[in-house]
Amino acid sequence: MRKKEESKPSISFIEQFIAEDLKDGKNGGKVITRFPPEPNGYLHIGHAKAICLDFGMAKKYGGKCNLRFDDTNPVKEEVEYIDSIKEDIHWLGFDWEEREFYASDYFGKLYNFATDLIKRDLAYVDDQPADLISSQKGTPSQPGTESPFRKRQINENLDLFERMNKGEFDEGRRVLRAKIDMPSPNMHLRDPIIYRIIKSPHHRTGSKWMVYPMYDFAHGQSDYFEGITHSLCTLEFEVHRPLYDWFIEQLKTDDYRPRQIEFNRLNLTYTMMSKRKLLELVQEGKVKGWDDPRMPTLCGLRRRGYTPESIKRFIDLIGYTKVEATNDVSLLEHAIREDLNLRTPRVFGVLNPLKVIIKNYPEGHVENVELINNPEDESMGKRFVPFSREVYIEQDDFMETPPNKFFRLAPGMEVRLKGAYIIKCDGFKKNEKTGAIEEVYCTYDANTRSGGNTSVKKVKGTLHWVSAQHAIDAEVRLYDRLFNHEDPAGQKDDDYRKFLNSDSLIILTGCKVEPSLRSARPLEKFQFQRLGYFCVDYDSTSLKPVFNRTVQLKDSWVKVNK
RNA sequence: UGUCCCGUGGUGUAAUUGGCAACACGUCUGAUUCUGGAUCAGAAGAGUUCAGGUUCGAAACCUGACGGGACAACCA
């Protein structure tokens with residue numbers, strides 16, 4: 001399915017940089033990358049884009065990719081997230097082997113480096129409160145002004161920083177700042193705060209530390225300590241790069257130098273990627289949890305029925321650039337359909353059952369009709385499905401007064417029950433009060449059994465069906481996009497909650513599925529013929545199977561119909 | 001009134017780094033089909049934000065506009 005790409009050797013700008021660096025013999029001709037999540041939430045498909053790049057580049061150029069938890073803020077991070085992050089990366093098919101690192105592993109080195117900067121008069125302790133420091137920073141268009149503590153003596157700074165870490169001062173009382181350039185046009189260079197006092201215990205280092213490094217003071221240095229050559233991150237860190245380079249410059253002892261390269265974040269239509277807002281959805285009960293099948297989280301997509309291959313394929317398709325792009329969810333849906341079409345067995349499942357009685361079919365008689373499991377893959381074999389006098393078909397497949405081009409069942413019309421016989425409708429029972437069709441009466445043509453050579457008759461429509469006496473009841477959860485706005489989180493005047501799609505989950509009970517599905521296991525995937533791809537939910541039991549609809553089949557009838 | 005980044009069909013990306021804009025999704029035809037799926041064949045749709053300049057030749061290089069984004073957390 002990727003044949004067409006062979007003639008398209010174009011590589012991303014990132015890969016071009018890497019290839020050039022290699023050609024120039026930088027960093028000993030090595031490629032070492034890292035994937036650096038903060039353990040403060042679950043991974044989503046945007047992270048998958050980064051994971052594919054980080055691990056992908058390392059693999060392609062014979063290098064390694066480290067997993068590094070960016071755990072420099074103990075008040076926001078939890079162990080709970082660490083396990084889920086590792087599980088999701090593995091699920092995608094990537095492995096960091098023994099290279100599982102934590103920014104907190106480097107707290108000692110970082111502290112020493114900070115002390116070193118103080119000694120070189122490149123850092124100082126500032127006693128001012130946050131709002132004052134902030135106002136002295138100026139604005140993007142106005143230069144900052146120097147803190148009165150900027151000229152503090154080295155010995156005093158050393159003493160104060162040590163006492164900050166001993167817990168002598170309350171949180172917020174003092175910070176350590178790098179002494180760089182207050183009037184700089186780049187705000188990140190205006191004496192950035194590099195250490196703050198936090199007294200909450202850390203999930204790995206306990207209460208050993210009272211001061212914690214800020215992101216900018218930890219990330220580049222961690223890269224340096226691990227020998228990272230290419231530090232790939234998203235566009236919003238572009239303005240941080242001069243600071244990243246500044247710290248490395250102070251730290252380096254030889255020619256080795258990590259290089260930060262920024263690429264565009266993944267945005268999807270009708271989707272919201274902000275971790276904070278996703279957390280709100282979970283906490284407010286708008287969804288059933290981080291792994292709700294409507295969530296863009298990897299665990300949500302997994303439960304929805306997405307395969308790692310389809311996600312990687314999608315990411316492959318969208319590429320890496322510096323353009324802030326919004327990708328169409330229909331491309332993601334294309335990727336999962338393409339994958340599932342090749343690998344899933346076809347089965348019969350009737351979502352909204354309507355009973356059809358075949359009057360001239362012998363009562364009590366059962367035939368096992370043979371069906372192909374997957375027309376795309378002969379090796380998946382065949383199966384037998386019981387057929388009898390009473391079957392269920394889809395309510396949508398019968399109309400009392402059909403429009404043009406309705407190739408399904410209606411009074412006087414003929415249709416094939418896939419794998420079985422051609423039937424003709426010659427009556428139905430209607431509830432006079434509600435107008436609902438309750439039963440449909442048909443006759444079958446015994447000469448039209450599928451596979452038989454007497455079956456020369458042709459009909460336009462073919463329906464899926466389930467034998468009434470053999471059917472098993474199932475619950476089916478139909479999912480649709482969570483939001484009904486293309487950019488739910490991007491509206492200035494409206495809260496994203498306003499755009500929640502009230503029909504994003506429709507639970508159907510009393511669905512009828514073929515008996516072979518009794519033994520289906522959670523996460524097992526099927527194509528319900530003519531309907532879509534479905535995946536067994538974790539809530540499923542053999543007594544009460546539960547299926548999630550991953551995605552519908554493309555349906556040109558809906559277009560004809562309107 | 002700053003610095004940095006970005007601007008190619010509806011969407012996302014290409015264009016062998018200066019040689020008459022390609023691919024995928026989507027859309028629309030038709031063929032085929034015991035899934036209105038898949039498959040196959042084909043079509044429409046941009047002249048590359050705009051204006052200058054360099055050049056035999058510019059989507060690409062230069063200048064200037066215009067438009068979008070990032071940066072003012074003791075978050076990452």
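Please read all numbers here as calculations on a predicted model, not as lab measurements. A note on names: the letters A, B, ... follow the listed sequences, proteins ahead of strands, and every chain is numbered from 1.
Judged as a salt bridge (charged side-chain N to carboxylate O under 4.0 Å, His left out), and not counting sequence neighbours, the contacts of A:K86 are A:E100. Evaluation of the ring pair (Phe, Tyr, Trp, His ring centres under 6.0 Å) rule for A:F217 yields A:F113, A:Y195, A:F247 as partners, not counting sequence neighbours. A:D487 is linked by a side chain to side chain donor-acceptor pair (under 3.5 Å) to nothing, counting only residues two or more places apart in sequence or in another chain. Considering only residues two or more places apart in sequence or on other chains, A:H44 meets the ring pair (Phe, Tyr, Trp, His ring centres under 6.0 Å) condition with A:H47. Annotation: ring pair (Phe, Tyr, Trp, His ring centres under 6.0 Å) contacts of A:H485 (sequence neighbours excluded): A:F499. For A:Q260, the side chain to side chain donor-acceptor pair (under 3.5 Å) partners at least two apart in sequence or on another chain are A:E262. Residues satisfying the side chain to side chain contact (heavy atoms under 4.5 Å, CB included) test with A:V175, not counting sequence neighbours, are A:D126, A:I133, A:R177, A:I193, A:R196. Residues passing the side chain to side chain contact (heavy atoms under 4.5 Å, CB included) test with A:K166, sequence neighbours excluded: A:E162, A:E168.
A gap of 24 Å separates the P atoms of B:G7 and B:C25, to the nearest Å. B:A70 and B:U63 have their P atoms separated by 25 Å, with the value rounded to a whole Å. Using P as the reference atom, B:C28 and B:U33 are 23 Å apart when rounded to the nearest Å. B:C62 and B:U55 are spaced 12 Å apart, taking the C1' atom of each and rounding to whole Å. On the C1' atoms, B:C4 is 40 Å away from B:A44, given to the nearest whole Å. Going from the P atom of B:U17 to that of B:C75 covers 48 Å, rounded to whole Å. Using P as the reference atom, B:A58 and B:A51 are 14 Å apart when rounded to the nearest Å. Between the P atoms of B:U1 and B:G9, the separation comes to 35 Å (whole Å).
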Intra- and interstrand pairs of RNA chain B - dot-bracket, Watson-Crick/G-U under 3.5 Å, | marks other strand: .((((((..((((.....[..)))).(((((.......))))).....(((((..]....))))))))))).....

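The nearest whole Å value for the distance from the CG atom in A:D316 to the P atom in B:A24 is 15 Å. Here the C1' atom of nucleotide B:U3 and the NZ atom of A:K137 are 16 Å apart, to the nearest Å. One can place NE2 of A:H47 at 14 Å from P of B:A76, the figure rounded to the nearest angstrom. If you measure from atom CG of A:L132 to atom C1' of B:C74, you get 14 Å, rounded to the nearest angstrom. Nucleotide B:A72 holds its P atom 12 Å from the CG atom of A:L243, rounded to whole Å. Rounded to whole angstrom, the span from the CD1 atom of A:I336 across to the C1' atom of B:C25 amounts to 16 Å. In this entry the distance linking CG of A:L43 with P of B:A76 reads 18 Å, nearest Å. Between the P atom of B:C74 and the CD atom of A:E171 lies a distance of 14 Å, rounded to the nearest Å.
Side-chain atoms of A:D191 come within 3.5 Å of backbone atoms of A:I180 as a donor-acceptor pair (strictly under, hydrogens ignored).
Less than 6.0 angstrom separates the ring centroid of A:F528 from the ring centroid of A:F547. Between A:F407 and A:W557, the gap from one ring centroid to the other reaches at least 6.0 Å.
In this structure, A:Y533 and A:R337 approach most closely via the heavy-atom pair OH-O, 3.9 Å.
The neighbour count for A:K382 NZ, taken as heavy atoms of other residues, nucleotides or ligands under 6.0 Å away, does not exceed 12. The 12-atom threshold is not exceeded at CZ of A:R265, counting heavy atoms of other residues, nucleotides or ligands nearer than 6.0 Å.
The side chain of A:S134 approaches B:A73 more closely than any other nucleotide in the set B:C6, B:A15, B:A73. Looking at the side chain of A:P140, the nearest of the listed nucleotides B:A14, B:A72, B:A24 is B:A72. You'll find that the side chain of A:L331 is closest to B:C25, out of B:A70, B:C25, B:A15. For A:H240, the side-chain atoms get nearest to B:A76 when compared with the rest of B:A72, B:A76, B:C25. Comparing atom distances between the A:K322 side chain and each of B:A24, B:C5, B:A76 picks out B:C5 as nearest.
At the heavy-atom level, A:N264 lies under 4.0 Å from the strands shown only through sugar-phosphate atoms. Residue contacts for A:G532: at a heavy-atom cut-off of 4.0 Å it reaches no nucleic acid atom on any strand shown. Across all strands shown, A:P143 has no heavy atoms under 4.0 Å from either base or sugar-phosphate atoms. Across all strands shown, A:A130 has heavy atoms under 4.0 Å from base atoms, whether or not it also approaches the sugar-phosphate. Using a 4.0 Å heavy-atom cutoff across all strands shown, A:S135 reaches no nucleic acid atom at all. In this structure, A:H219 reaches neither bases nor backbone, as no heavy-atom distance under 4.0 Å exists between it and the strands shown. When heavy atoms are screened at a 4.0 angstrom cut-off, A:E486 is found touching no nucleic acid atom at all. Nucleic acid contact for A:G172: base, since at least one base atom lies under 4.0 Å from a heavy atom of the residue. If you check every strand for non-hydrogen atoms under 4.0 Å, A:T269 touches nothing.
Ring-plane geometry between A:F17 and A:F13 is classed as perpendicular, the angle between the planes exceeding 60 degrees on a 0 to 90 degree scale with a lower cut at 30. Under the 30°/60° scheme for interplanar angles, the aromatic rings of A:W209 and A:Y111 are found to be tilted. The aromatic rings of A:H202 and A:Y212 lie parallel to each other, their planes meeting at an angle below 30°, with 60° marking the opposite boundary.
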Between the protein and nucleotides 28-32 of chain B, which nitrogen or oxygen pairs are less than 3.5 angstrom apart?
none

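Across the interface with RNA chain B, nearest-nucleotide mapping of A:P37 and A:R241 shows A:R241 to be the residue nearer the 5′ end. Between A:D131 and A:T321, the residue anchored closer to the 5' end of RNA chain B is A:T321, taking for each the nucleotide with the nearest heavy atom.
Residue A:R177 places none of its side-chain N or O atoms closer than 4.0 Å to OP1 or OP2 of B:C74. An OP1 or OP2 oxygen of B:U3 is reached within less than 4.0 angstrom by no side-chain nitrogen or oxygen of A:S141.
Syn is the conformation of B:G47, whose glycosidic angle sits no further than 90° from 0. Base orientation for B:U17: syn, the chi torsion being within 90° of 0.
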Does the protein touch nucleotides 35-47 of chain B at the base, only the backbone, or not at all? Give it as B, S and - per nucleotide, heavy atoms under 4.0 Å. BBBS---------

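A side chain to side chain donor-acceptor pair (under 3.5 Å) with A:D445 holds for exactly one of A:K457, A:R416, A:K424; it is A:K457.
Within residues 178-195 of chain A, the residues approached by RNA chain B to less than 4.0 Å at the level of any non-hydrogen atom are A:P185, A:M187, A:H188, A:I193, in residue-number order.
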